[in-house]
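Okay, structure first, notes after.
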There are 2 protein chains.
Amino acid sequence: MSPQVLSAWLGLLRSHAELTRAMNAQLVAEHGITLNDYDVMVNLENAPGGALRRVDLADRVLLTASGITRLLEGLERAGWVCKRACDSDGRVTYAVLTDAGYEKLKEASRTHHEDIGRMFTDHFSEQELDELSELLGRLVSDPRCMPG
Amino acid sequence: MSPQVLSAWLGLLRSHAELTRAMNAQLVAEHGITLNDYDVMVNLENAPGGALRRVDLADRVLLTASGITRLLEGLERAGWVCKRACDSDGRVTYAVLTDAGYEKLKEASRTHHEDIGRMFTDHFSEQELDELSELLGRLVSDPRCMPG
DNA sequence: GGTGTATACTTGAGCTAGCAACAATCTAGC
DNA sequence: GCTAGATTGTTGCTAGCTCAAGTATACACC
C-alpha cells in the first residue's frame with residue numbers, strides 16, 4: 001500500500017473522529033440531542049411534508065433499520081417526531097416532524113451551523129471546500145445522496 | 001452555513017461511514033478482528049519494541065482510556081498482546097505485541113492493504129491522493145499524528 | 001385466488017465505547 | 001519529607017448501534 005493511500009485513509013479516520021466527537025459533544029451539551037438525532041431531524045425537515053419512511057431515513061443517515069427504530073423512539077418520547085400510517089402501504093409508517101420538532105431543530109441549528117462553519121471555513125477557502133467535497137464525493141457509492 | 005461547507009461535511013460523514021463499515025466487515029469476516037483491533041496492532045508494530053503505553057495508544061487510535069483497556073482485554077485473551085510493567089513509572093503498563101500478534105497482523109495485512117488500496121486508487125490519481133490527505137490533514141488538531 | 005418471495009418494520013441479545021468516579025503513582029513546591 | 005495536584009489506568013454504568021430473527025404487508029406468477 002502506497003504511503004499516499006495510507007495518509008489519505010488515516011486523514012479520513014482522524015478528521016472524522018475529531019470532528020464528529022466535537023460536534024456531538026457540542027450538540028449534547030447545548031441541546032441534549034446527538035448528532036444522529038440532529039441529522040434525522042434535518043432530513044425530515046427537508047423532506048416534503050416533513051415526513052419520511054423509516055427505510056429512506058435509514059439510508060440517508062447511514063443507520064440500520066433497527067437503529068432508526070430506536071433513535072426515533074427517543075425523538076417520539078421527546079415529542080419532536082410522531083408516527084403516521086401510510087394509506088397505500090400498510091407496512092410503512094412515516095416519521096413526521098412535529099411543530100415542537102421544528103422548533104427544537106431551529107434552536108439547535110443556530111449554534112450547530114456556526115460550529116460546523118467555523119470548523120471548516122477556518123481552514124479552507126471556498127474553492128478548497130469544493131475540491132474537498134468533490135474528492136470525498138467519489139468515495140460514496142451513491143452520489144445522489146450528496147448535495148450539489 | 002454555506003452549501004460548500006455542508007457538502008464537505010456530509011461528504012466526510014458519508015465517506016467515512018461507508019469505508020469504515022466496509023473495511024471493518026472485511027476484517028471481521030476474513031480475520032475475526034475489528035478495525036480498531038487492527039489499528040492498535042499496527043501502532044504497536046510501528047512502536048519501538050512493539051510496546052506502547054496505554055495513554056499513547058488511546059491517543060493514536062482515538063479511543064478513550066477505558067476503550068483501550070477493554071479493547072486490549074480482548075487482544076490479550078486472544079494472546080496477540082500482553083502486558084509489561086514499566087520500571088521507571090509504577091502507574092504505566094505497556095501493551096506489547098506478542099509473536100502470535102505479529103503473525104496475526106501479518107496475515108490480516110495481506111488482504112487489508114489490498115482492500116484499502118483498491119478503495120482509494122480506484123478513484124484517485126496519486127496527485128489527488130496527496131491533495132486529499134493535505135486537505136484532511138488540516139482538520140486534525142495535532143498534525144504530528146499524520147505521516148508525511 | 002393461492003403460494004412464494006420481497007419489502008417495511010420491530011424486538012431481543014450482545015457488543016463497543018464514552019463518561020464519571022475511583023485507586024495508584026508521580027512530581028513540584030514548600 | 002509532605003502535601004497538592006497532575007497523570008495513568010481500571011471499573012460501573014449507560015447509550016447507541018448492529019445482527020439475527022420474527023411479524024406483517026405487498027406483489028408477482030402460476
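This one's a predicted model, so the numbers in the text were calculated from it and none came from an experiment. The basis for the numbers below is simple: all heavy atoms, side chains too, and nothing from hydrogens, waters or symmetry mates. Below, chain A is the first sequence line, B the second, and so on; all start at residue 1.
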task: Note down the inter-axis angle between the two ends of the helix from dG1(C)-dC30(D) to dC30(C)-dG1(D), five pairs each, to the nearest 10°.
output: 20°

- request: Taking heavy atoms of chain B and a 4.0 Å limit, find me the 5'-most and 3'-most nucleotide of DNA chain C within that range.
  value: dA17(C) to dC26(C)

query: Hey, is the main chain of Ser125(B) close enough, under 3.5 Å, to the side chain of Glu128(B) for a donor-acceptor pair?
result: yes

field: Greater than 12 external heavy atoms within 6.0 Å of Arg110(A)'s CZ
entry: no

message: Enumerate the ring-ring contact (aromatic ring centres under 6.0 Å, His included) contacts for residues 27-62 of chain B, please, sequence neighbours excluded, ordered by first and then second residue.
response: Tyr38(B)-His112(B)

statement: Residue pairs passing the ring-ring contact (aromatic ring centres under 6.0 Å, His included) test with at least one member in residues 50-103 of chain B, sequence neighbours excluded, are none

query: Take atom CG in Asp122(B); do more than 12 heavy atoms of anything else shown fall under 6.0 Å from it?
result: yes

message: Any side-chain to backbone donor/acceptor pair from Asn43(A) onto Asp39(A)? Under 3.5 Å, distance only.
response: yes

message: Show, in sequence, the C-alpha distance, side-chain angles and deciding distance for Leu135(A) and His123(B), and conclude whether the side chain to side chain contact (heavy atoms under 4.5 Å, CB included) test is met.
response: CA-CA 9 Å; Leu135(A) 292 171; His123(B) 301 290; over 6 Å; no

task: Can you sort out the partners of Leu63(A) under side-chain contact (heavy atoms from CB on, under 4.5 Å), two or more places apart, ordered by chain and number?
output: Asn36(A), Val61(A), Ile68(A), Leu71(A)

- request: Sugar-phosphate atoms are those with a prime plus P, OP1 and OP2; base atoms are the rest. Using that split, label each nucleotide of nucleotides 17-27 of chain D B, S or - for protein heavy atoms under 4.0 Å, 5' to 3'.
  value: SBB-----BS-

query: Between CZ of Arg53(A) and CZ of Arg84(A), what distance do you get to the nearest 0.5 Å?
result: 14.5 Å

query: Any sub-3.5 Å donor-acceptor pair from Asp56(B)'s side-chain atoms to Leu52(B)'s backbone N or O?
result: no

- prompt: Are any of Lys83(B)'s side-chain N or O atoms less than 4.0 Å away from OP1 or OP2 of dT10(D)?
  reply: yes

message: Just N and O in the side chain of Arg53(B): are any of them under 4.0 Å from OP1 or OP2 of dG9(D)?
response: no

task: Whole angstrom is fine here: how far is it from CD in Glu73(B) over to P in dG9(D)?
output: 14 Å

